[in-house]
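What follows is one structure encoded as structure tokens, with my remarks underneath.
Hydrogens, waters and symmetry mates play no part in the numbers below; they use all other heavy atoms, side chains included.
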Amino acid sequence: MAVLVEDVTVWGVAGIVYAPETLKPVPGDGEQFTLVAYGDPRLPWTLACREVVTLHGCTAMDLEDLTGQTAA
């Protein structure tokens, strides 16, 4: 199984947010990392470990169908 994607948009980061006043980690909502969008004022205080992207226009395809299309 494969997925064709029409549009990939960079959204933000996942990481640990620190409080600027205390430089201590801000407790999250139970998740290991907090999602912080680009443009969010917490972004400069976030130690990012992953980039977050959104995928739009996704179409599932069988790999055999995809191979047949590229071979022709």
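The nearest pair of heavy atoms linking Ile16 to Pro25 is CG2-CB, 4.0 Å. In this structure, Val13 and Ala48 approach most closely via the heavy-atom pair CB-CB, 3.7 Å. Val5 and His56 get closest at one heavy-atom pair: CG1-O, 3.7 Å.
Hydrophobic clustering keeps Trp11 apart from Phe33 (ILVMFWY residues linked when any side-chain heavy atoms are closer than 4.5 Å, directly or through intermediates). Hydrophobic clustering places Val26 together with Leu43 (ILVMFWY residues linked when any side-chain heavy atoms are closer than 4.5 Å, directly or through intermediates). The hydrophobic cluster containing Val10 also contains Val8, counting ILVMFWY residues as joined when their side-chain heavy atoms lie under 4.5 angstrom apart, directly or transitively. At a threshold of 4.5 Å between side-chain heavy atoms, the hydrophobic network of Ile, Leu, Val, Met, Phe, Trp and Tyr places Val3 and Leu55 in one connected group. There is no path of hydrophobic side-chain contacts, each under 4.5 Å, that joins Leu35 to Tyr38.
Taken to the nearest 0.5 Å, the CG atom of Leu63 stands 8.0 Å off from the CE atom of Met1.
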